[in-house]
Amino acid sequence: MSGIGAVLVKAAAFVLIIVMGYVLKRKGFFHADDFYLISRIVIRITLPCAIIANFSSITMETSLLVLCLAGILCNGLMVLIGYMINLHRSGEQKAFDMINLSGYNIGNFTLPFVQSFLGPVGFAATSLFDAGNSVMCTGVSYTLASLAKGGEQKASARLILKSLFSSLPFDAYVLMTVLVCLNIRIPGLVLSFAQTAGNANPFLALLMIGIGFELRMEKDKLKHILRILGLRYGTALLLSLAAYFLLPFPLEVRQAMAIVAFGPVSSVATAFTGRLGGDVELSSAVNSLSIVTSIITITAALIVVL
């Protein structure tokens, strides 16, 4: 099978897992609460195990640590765009776009693609980017949006750090980065367990997306949704091209960054929108449509870069 054919077949399999989760939910096999159960399994077990397993098989180049900064800067760019396009609009509009334009759903969406198509180095590069992305998603972007809205700043550095280190995937990123940089190997039994559990991560993460997928929106909000998605994925294309052609890293790292740029909106964006008193239904629609768009754009990116 040709390279393009292999990518399309595997991407189609990923889509079928998402569709299966959605259809089984509609048929009553899964219920709304099952999303939270599978989410806990992914975030607390399979994703940390996948991180441990993949980091354990690489030799970390310290230069790759700059990818953490890249995760912060890419988020910061999208937050800035969300603010600048609404200079003459209300604080509520600024806050909504700053939250819903920024953030990348990497752990539950992009990493399964990277884990299946690229090697451990690509996985590690994506994980390092996600470490910086997590810093923004878990509080900094929300704080900036709150300030833009004109409300009280409710997120402090202490709360942001508490949120970060309460996340097992983030803890796994930090721990494994330190261990690999120090050339410390984890015990064989732990690694074997991590590999077995981590192999289940792509399936469970995609199944979870299917179970949680909902798309309800009013027609008069469609223009706003298309504006957000157009800006996000237009910028993603520029970032992807820059990452692939300009970054001074090995090919697999540049491939990973080119794919990461097309990741969907962070899953916490809707929660933060609600906390700011924004339009939760509109945010949910943006989130769901970004998943559909990312399936298409990441598949296209894989065909080009592999």
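A quick note: this is a predicted structure, and the numbers were derived from the prediction, not measured.
Judged as a ring pair (Phe, Tyr, Trp, His ring centres under 6.0 Å), and not counting sequence neighbours, the contacts of Phe96 are His224. Scored by the ring pair (Phe, Tyr, Trp, His ring centres under 6.0 Å) test, Tyr104 finds Phe129 as partners (sequence neighbours excluded). In this structure Lys94 satisfies the salt bridge (Lys or Arg N to Asp or Glu O under 4.0 Å) test with no other residue, sequence neighbours excluded. For Phe249, there are no ring pair (Phe, Tyr, Trp, His ring centres under 6.0 Å) partners at least two apart in sequence or on another chain. Under the salt bridge (Lys or Arg N to Asp or Glu O under 4.0 Å) criterion, Arg227 pairs with Asp97, not counting sequence neighbours.
A donor-acceptor distance shorter than 3.5 angstrom exists from the side chain of Ser284 to the backbone of Val280, with no hydrogens or angles considered.
Note: Phe113 and Phe117 have parallel aromatic rings, judged against thresholds of 30 and 60 degrees for the angle between ring planes.
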> Going through the distances and angles, do Ser127 and Asn54 end up as a side chain to side chain donor-acceptor pair (under 3.5 Å)?
Replying inline: CA-CA 10 Å; Ser127 299; Asn54 281 277; over 6 Å; no

>> Working note: Lys221 + Asp279, criterion salt bridge (Lys or Arg N to Asp or Glu O under 4.0 Å); need CA distance, chi angles, decisive distance, verdict.
In response: CA-CA 10 Å; Lys221 296 179 180 179; Asp279 190 333; 2.7 Å; yes

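Taking OG of Ser290 as the reference point, atom CZ of Phe262 lies at 13.5 Å (rounded to 0.5 Å).
No hydrogens or angles considered: nothing links the side chains of Ser134 and Tyr173 as a donor-acceptor pair under 3.5 Å. Counted by atom type alone, Thr273 and Asn100 present one or more donor-acceptor pairs between their side chains at under 3.5 Å. Side chain to side chain, Asn105 and Ser266 fail the donor-acceptor criterion of an N or O pair below 3.5 Å.
The shortest distance between side-chain heavy atoms of Cys137 and Asn75 falls below 4.5 Å. Leu101 is listed as a side-chain neighbour of Leu231, based on a closest heavy-atom distance under 4.5 Å.
Remark: Tyr83 OH is loosely packed, at most 12 non-hydrogen atoms of other residues, nucleotides or ligands lying under 6.0 Å away.
Under the salt bridge (charged side-chain N to carboxylate O under 4.0 Å, His left out) criterion, no residue pair touches residues 118-131, with sequence neighbours excluded.
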